[in-house]
Amino acid sequence: MKNKLFVIIDAMALAYKAYFAFISRPLSTKKGEPTSAVYGFMTQLLKVLENHKPDYIAVAFDSKEKTFRHEKYEAYKSSREEMPEDMVPQLERIKQIIASLKMPVYILPGYEADDIIGTAVKKAEKLGLESLAITPDKDYFQLITDKIKIVRPGKSNDEVIIYDKKKVIDELGFEPKYMIDYLALVGDSSDDIPGVPGIGPKTAVPLIQQFGTIENIYNNIDKIEKESIRKKLIENKEKAFLSKELATIHTEVPLDFDFEKAKFEKPDFETLRQIFIELEFKSLYSKLLEIYGNSEILKTNLEVEKITEQVSFVKDDVDYKLVNNQNDLDELVKHLKNSKEFVFDTETDGLKPFEIKLAGVSFCTEPKKAFFIPIEPHENTGLFSNSDRKAIPISEFVKKFKSVFEDKSIRKICQNGKYDIAVLRHQNISVKNFYFDTMLASYVLDPDQKHNMDDLAQKYLNYKPIPLSDLIGTKQDPTKIFDVDIKVLSNYSAEDADITFRLYKKLDEELKKEKIEKVAYDIEFPLVPVLESMEFEGIKIDTEALQQQSKDLELLMENYAQRIYQLAGKEFNINSTKQLQEILFEKLKLSTGRKTKTGFSTDARSLENLRGEHEIIDIILNYRQVAKLKSTYTDSLPNLINPKTGRIHTSFNQTGASTGRLSSIDPNLQNIPIRTDLGKEIRKAFIPRDRNHLILSADYSQIELRIMASICEDETLMKAFINGEDIHRSTAALVFNVKPEDVTPDMRRKAKEVNFGILYGIGPFGLKTRLGIPQTHAKEIIDTYFRTFKKVKDFMDDSILKAKEKGYAETLYGRRRYLKNINSNNRVVRQFEERVAINMPIQGTAADMIKLAMIKIHNELEKKKYKTKMVLQVHDELVFDAHKSEIDELKPIIKKIMEEAFPLKVPVVADIGVGENWLDAH
DNA sequence: CCAAGCGCGTA
DNA sequence: GTACGCGCTTGGG
């Protein structure tokens, strides 16, 4: 008969290990409760419970008091920093969970968990039990015997490694019982165990292998050949023996260990459920139920049915069908035609819709059941030739399925549908009734999370999908997809469709539970086809103009560079901040300003302050401007022109910004220059598609200030907008107490900075650096501002207060951003989030507004079959490639839709311009 | 080849 | 003071 199993856990050490494992990106709940340590602790515990069914289980904690080791050696653990602030609540959580798991806790004043565990496992051994000690600490190896093993966390947080005699010998090269002798020589810096200075693992292991214990080493000290080692050993004999003593785990501490109390028993599921919900450990809870539900010991005690219902699905329980003959294809079309909604997912050999080939499409209409159609990109290409199963020619697929995708009565659901819609558009299929996107649903629920399917499946379904790398290797060459066996590809793709369907149901429920579904259904989902269309259209670039500019800039840059080298007295790389620092601050001895991690700052602001000190500064600033324009714009943009269309097709990232804004990548067309004259030339190169078109630009005027005015309902501010005043001028008049007509350009500039500052959650310090005025003066301006616009201050305070209560900031449309650090004890961290709490509702509401306008404008253009296309969005501006014949008609339509998309309590104004290029359209 | 750090373009 | 993405250098592989 098998021996009974006893498991004992070093809770504190496990928690610490996990805490630091996640230190670069700590886990926390949406509301900001830190959870790294709890999560790591639970993962390890559950992993062990899953693999081994303990009959007895207990937990050991370190005592708070000093231990006998401290008395032996003052420096013991002296370099340990105090417990991190956010560790404290996590230990409380761990204790809560342990209590609910009905596991006894052992703490003994004056002893560490090591000693309790040592004593417990030795007692277990005498009673004939097998033991497993869970701990990250390798000191424990000394306890290992045939009956006692150690479990340590591996490299990834859900990996566990079991150390038995063999494993220790394999890894360290000596038997576990010599661990203390090893530590005696090598020491342990984390516990301040000194060891023998100068002896590391490389020296220690052979010594241990030859002599075993340190006693034996010193008895045979003459046999050590290397004089240097012998010397070190002799000189530090005392340290060695002290170290051994410190490293030795006591196995006979005065502890009455009662195995009866440690019997593995049924936990308090209700409390655990509550705790796990609060900690947002959805998948861990499923796992817990699974483990306890499957446990032989507990099965009889539990309502197994109720539990398995909540456990996530298992892989072999599904029905995935490869569809590659006429009959099955027709069946599938019929089935989809009769469905009210379906998930689809395309498999391709790349990421850019313009360049890829379609390799297959999967469908799902209900959980666990999915279909996959392998596709040949062209007739008889034989791309799937290495498989004995045949694929469907693309023409065949399109002929049969086009009407299903284009059927307006059937809802389409995707993970990142913008991509799939684009892929099908290139097959002349126009997806209609795009209804739900799991990626965007996740973004709406919490924009700061990851939204890829693997993470969503893990988080919401406790499921790990087949990784793509299993199919095409870790080299991530997507063209390999045609080398994958069709059956394998089928299972992978069908699983993706299936999971997307399950995520759809789950996320839909979450959205409604959080009462946030309007943001998803009114804004994000309908925006998908709009953005897809904009990306498809792209915008034309005047390549020749850019290339000419590149040449001009090249000359300028060369001139500046030569002059800089002259003034510096040597040639160097001006692009290198490191080298520039040496020149400016060491060679030329200019005064230093702001510091960065790597030295003194050389950014534009710092250089501005040095202007008078040396004529090199101006030239460097000029060089920088030219170099930036050349490398980022005139040199790069022509490379991004799609050869097939002759236009640039950016990609709008709908999940990139936590405020709700879009971002633009490959290339970023939301940061095309406009401020400087040189920069304006680049904007001129953005042109209409042909002679029959013009660029039309429509932008919101002062939208963020209007939104703030509307939220806080400040009478002065509202009146200024209602009367159509120049808001910066009015602000200046009020703040500087002059008549509007007496406002100087400098006063207006300052007022403008104040207005922007307010939107960002300004402080006197920020305004000081921005305006270059004394902080006291900045404070006066701000004070006057708040006295004038009384409700603005209230709005700022309310925003922070509301965010602190709810744990998130929100827009007028209900879009959320969680602010987990807004109650932090760290002032810098907290104040940052307080400013975010002010800014996000404003920036985010503006984003909601323009998104709503985009959807309406796009639909209008489609419905009336206009030739004019919307092509870019730059946060408060929409850019159109407008057909000349439609411009007069469209101008008022676009203006009206933008102004009425989301009414405020003050007027919303959109200005429209038309021109031969993007610059002239302003 | 990759990540971090810096600097800088936009709203 | 908010929100982004990208080019370049550097230092590590």
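Quick note on labels: first sequence line is chain A, next is B, and so on, each numbered from 1.
In this structure a side-chain-to-backbone donor-acceptor pair under 3.5 Å is present from T650(A) to I665(A).
Within the nucleic acid shown, K628(A) comes within 4.0 Å of at least one base atom, counting heavy atoms only. Contacts of R661(A) with the nucleic acid, taken as non-hydrogen atoms under 4.0 Å apart, include base atoms. As judged by a 4.0 angstrom heavy-atom cut-off over every strand, Q579(A) is placed among residues touching the sugar-phosphate backbone only. Among the atoms of the strands shown, only primed sugar atoms or phosphate atoms (P, OP1, OP2) are found under 4.0 Å from some heavy atom of I674(A). Residue contacts for A604(A): at a heavy-atom cut-off of 4.0 Å it reaches the sugar-phosphate backbone alone, with no base atom in range. At the heavy-atom level, R605(A) lies nowhere under 4.0 Å from the strands shown. E833(A) comes within 4.0 angstrom of no nucleic acid atom, judged by non-hydrogen atoms across all strands.
Not one side-chain nitrogen or oxygen of T659(A) sits closer than 4.0 Å to the OP1 or OP2 atom of dA3(C). Phosphate contact (OP1/OP2 of dC6(B), side-chain N/O of T596(A), threshold under 4.0 Å): present. In this model, the phosphate group of dT10(C) is approached by a side-chain N or O of S576(A) to a distance below 4.0 Å at OP1 or OP2. In this structure, R675(A) reaches the dT10(B) phosphate: one of its side-chain N or O atoms is under 4.0 Å from OP1 or OP2. Listed pair T598(A) / dC6(B) meets the phosphate criterion, a side-chain N or O lying under 4.0 Å from OP1 or OP2. Listed pair S658(A) / dC4(C) meets the phosphate criterion, a side-chain N or O lying under 4.0 Å from OP1 or OP2.
The interatomic distance linking I800(A) (CD1) with dT2(C) (C1') rounds to 13 Å, in whole Å. Between L669(A) atom CG and dG9(B) atom P the separation is 17 Å, expressed in whole Å. Atom NZ in K851(A) sits roughly 13 Å away from atom C1' in dA3(C) (whole-Å rounding). Here dC8(C) presents its P atom at 17 Å from CZ of F572(A), a figure rounded to the nearest Å. Rounded to an integer number of Å, the gap from L678(A) CG to dC8(B) C1' is 15 Å. At whole-Å resolution of the value, CD in Q670(A) and C1' in dC8(B) are 16 Å apart. As a whole-Å value, the separation of R827(A) CZ from dG1(C) C1' is 14 Å. Atoms CG (N573(A)) and P (dG7(C)) sit 17 Å apart, rounded to a whole Å.
If you check dA3(C), dG7(B), dC6(C) against the side chain of N668(A), the one that comes closest is dC6(C). For K597(A), counting side-chain heavy atoms from C-beta on, the closest listed nucleotide (dA11(B), dG5(B), dC4(C)) is dG5(B). Nearest nucleotide to the R683(A) side chain, out of dT10(B), dC4(C), dT2(C): dT10(B). With distances taken from any side-chain atom of H875(A) to the nucleotides dA3(C), dG7(C), dA11(B), the minimum falls on dA11(B). Comparing dG7(C), dA3(C), dG7(B) by their nearest atom to the side chain of F832(A) picks out dA3(C). Taking only side-chain atoms of S601(A), from C-beta outward, the nucleotide of dC8(C), dT10(C), dG7(B) with the closest atom is dG7(B). Taking the side chain of N671(A) as heavy atoms from C-beta on, and the options dG9(B), dT9(C), dA11(B), the nearest nucleotide is dG9(B). Counting only heavy atoms from C-beta on, T602(A) has its side chain closest to dG7(B) among dG7(B), dG5(C), dC8(C). For R624(A), counting side-chain heavy atoms from C-beta on, the closest listed nucleotide (dA11(B), dG5(B), dG7(B)) is dG7(B). The side chain of I762(A) lies closest to dG1(C) when the candidates are dG1(C), dG7(C), dT9(C).
Test T845(A), D848(A), T659(A) against R815(A) for side chain to side chain donor-acceptor pair (under 3.5 Å) and you get one pass: D848(A).
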Inset, instruction - Apply side chain to side chain contact (heavy atoms under 4.5 Å, CB included) to I620(A) and L584(A), showing your working. - result: CA-CA 11 Å; I620(A) 291 171; L584(A) 294 182; 3.9 Å; yes

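Looking at Q843(A), its side chain comes within 3.5 Å of the base of dT2(C) through a donor and an acceptor atom.
Side-chain contact between M840(A) and L819(A) is absent, with no heavy-atom pair separated by less than 4.5 Å. No side-chain heavy atom of R661(A) sits under 4.5 Å from any side-chain heavy atom of Q873(A).
Rounding to the nearest 0.5 angstrom, the gap separating the NZ atom in K31(A) from the CD1 atom in I822(A) is 13.0 Å.
Note: H728(A) and F756(A) have tilted aromatic rings, judged against thresholds of 30 and 60 degrees for the angle between ring planes.
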